[in-house]
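What follows is a set of notes on a single structure, which appears directly below.
For ligands, and for the atoms within them, numbers begin at 1 and follow the listed sequence.
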Amino acid sequence: MSENSHQCVIIGIAGASASGKSLIASTVYKELKEKVGDHQIGVITEDCYYSDQSHLTMDERVKTNYDHPNALDHNLLCDHLQRLIEGKAVEVPQYSYSEHTRLKETTPMTPKKVIILEGILLLTDPRLREIMHASVFMDTPLDICLLRRLQRDVAERGRTMESVLVQYQKTVRPMFMQFIEPSKQYADIIVPRGGKNRIAIDVLKAHIAKLLKS
Ligand SMILES: Nc1ncnc2c1ncn2[C@@H]1O[C@H](COP(=O)(O)OP(=O)(O)O)[C@@H](O)[C@H]1O
Ligand SMILES: Nc1ccn([C@@H]2O[C@H](COP(=O)(O)O)[C@@H](O)[C@H]2O)c(=O)n1
């Protein structure tokens, strides 16, 4: 890195639930790690910053609208990103989808040259948009997202098929229309088809490499 190069490049990846954000983030992470060094790149998932709900009963937690910006603690996320930019380590919260709240454990994160941020509502927050050096919107068709979410949430997040479908109609789709889809206008790169789009992965890797040098 030259003296003027960015000390910490932050790339945001937004889009609908199950649009492929995690997949593309982990692919770029794995492939860039070899170039910038194992300890110089990290991924932060917005989901880790869902608000703590340990003070609520399980019945109350189930009723939360997890697709509304108010469900997330973006203050803490912004604070953590600012600390990482300043070269300080942070403790990233761990989140349980089955308990609908934070775990007691946290994951330590040291400052990085590259941070890939991924989450549904990232581009709705002007503070996060300001902090990002580039942003991506995963533009996967909603019917494909629903199919993938159904499979993933039943297999990995302790959901029943019925609960996924009820939640989808009640909050996931309406909040996508109200908040997530309109935030697409703020993205620098729109990625069609999902997390395996090879050209999009290569474009992102090349752009990050350029930012690190500029
Ligand atoms: N292009 C793709 N082709 C096939 N499966 C995909 C593709 N993109 C994502 N998936 C799968 O769809 C599911 C949801 O993707 P994920 O990356 O977890 O979405 P998100 O992080 O946006 O919620 C995962 O099981 C993932 O492996
Ligand atoms: N307790 C929770 C918290 C979040 N969700 C859903 O997760 C989705 C966001 O995560 P992705 O990995 O799918 O982007 C979001 O659509 C929430 O509905 C949940 O079901 N329960």
Side-chain angles (χ1 to χ4, degrees), residues 11-30 43-74 77 93-103 116-125 128 135-181 183-184 187 189-202 204:
I11 306 295
I13 304 178
S17 170
S19 58
K21 303 180 299 295
S22 309
L23 185 61
I24 201 167
S26 64
T27 307
V28 171
Y29 167 77
K30 282 179 203 146
V43 177
I44 295 184
T45 301
E46 187 190 35
D47 290 6
C48 295
Y49 291 83
Y50 271 113
S51 297
D52 184 60
Q53 298 199 117
S54 50
H55 56 292
L56 299 181
T57 64
M58 188 52 96
D59 274 357
E60 288 169 325
R61 291 181 204 175
V62 170
K63 287 184 191 140
T64 300
N65 176 351
Y66 294 100
D67 292 84
H68 191 282
N70 288 350
L72 285 147
D73 189 352
H74 274 185
L77 175 57
Q94 287 185 25
Y95 188 74
S96 164
Y97 294 101
S98 50
E99 298 298 320
H100 304 284
T101 194
R102 284 187 197 156
L103 299 175
I116 303 169
L117 255 183
E118 64 92 4
I120 53 173
L121 289 156
L122 294 175
L123 288 176
T124 65
D125 189 327
L128 291 170
S135 57
V136 175
F137 190 93
M138 302 300 291
D139 206 10
T140 311
L142 272 195
D143 56 344
I144 302 291
C145 294
L146 172 58
L147 289 175
R148 290 181 181 157
R149 177 165 170 143
L150 197 51
Q151 281 183 319
R152 183 200 60 194
D153 284 9
V154 171
E156 297 170 22
R157 294 190 181 176
R159 303 286 191 268
T160 61
M161 193 172 111
E162 206 208 337
S163 75
V164 176
L165 297 180
V166 166
Q167 187 188 7
Y168 185 79
Q169 291 179 77
K170 205 171 163 194
T171 56
V172 179
R173 191 176 188 284
M175 296 300 104
F176 174 82
M177 295 302 180
Q178 189 175 343
F179 294 106
I180 303 171
E181 212 278 334
S183 75
K184 183 162 83 173
I189 304 170
I190 312 260
V191 175
R193 293 188 297 281
K196 293 185 184 169
N197 187 321
R198 186 69 240 174
I199 293 182
I201 293 164
D202 289 342
L204 271 174

Can an N or O of Ser22 be found at a distance shorter than 3.5 Å from an N or O of ligand 1? yes
Of the side chain and backbone of Met138, name the one, both, or neither that has a heavy atom under 4.0 Å from an atom of ligand 1. neither
Per-atom contacts, ligand 2 versus Lys21 - under 4.0 Å to a heavy atom: 14 (O)
Taking a cutoff of less than 4.0 Å between a non-hydrogen atom of the residue and any ligand atom, is Glu46 in contact with ligand 2? no
Would you mind running through ligand 2 and noting each atom that sits below 4.0 Å from a heavy atom of Ala18? 13 (O)
Numbered atoms of ligand 2 (with element) below 4.0 Å of Asp67, judged on heavy atoms: 15 (C), 16 (O), 17 (C), 18 (O)
Answer side chain, backbone, both or neither: which part of Lys21 comes under 4.0 Å from ligand 1, heavy atoms only. both
Which atoms of ligand 2 are found less than 4.0 Å from any heavy atom of Asp47? 9 (C), 10 (O), 11 (P), 12 (O)
Does only the side chain of Ala25 get under 4.0 Å from ligand 1, or the backbone, or both, or neither? Count heavy atoms. neither
Atom 9 (C) of ligand 1: which protein heavy atom is closest, and how many Å away? Leu23 CD2, 3.5 Å
Using distance alone, decide if ligand 1 has a nitrogen or oxygen within less than 3.5 Å of any nitrogen or oxygen in Ser17. no
Gly194 N/O under 3.5 Å from ligand 1 N/O: no
Looking only at side chains, do Asp153 and Tyr97 share a donor and an acceptor under 3.5 Å apart? no
In ligand 2, which numbered atoms sit nearer than 4.0 Å to a non-hydrogen atom of His100? 1 (N), 2 (C), 21 (N)
Ligand-side contact atoms (ligand 2) for residue partner Arg157, heavy atom cut-off under 4.0 Å: 7 (O), 10 (O), 11 (P), 12 (O), 13 (O)
Sub-4.0 Å heavy-atom contact, Arg159 with ligand 2: yes
Closest to atom 3 (N) of ligand 1 (heavy atoms only, candidates Arg148, Glu118, Glu156) is Arg148
Which residues pass the side-chain contact (heavy atoms from CB on, under 4.5 Å) test with Leu56, not counting sequence neighbours? Gln53, Glu60, Arg61
Would you tell me which option among Ser26, Gly195, Gly20, Ala155 has the nearest heavy-atom contact to atom 15 (O) of ligand 1? Gly20
Would you check whether Tyr95 has a nitrogen or oxygen atom less than 3.5 angstrom from a nitrogen or oxygen atom of ligand 2? yes
Min heavy-atom dist Arg152 to ligand 2 below 4.0 Å: yes
Inter- and intrachain pairs under salt bridge (charged side-chain N to carboxylate O under 4.0 Å, His left out), touching residues 167-181, at least two apart: Glu181-Lys184
Report yes if Ser96 has an N/O atom closer than 3.5 Å to an N/O atom of ligand 2; otherwise report no. no
Gln167 heavy atoms, cut-off 4.0 Å: which ligand 2 atoms fall inside? 18 (O), 19 (C), 20 (O)
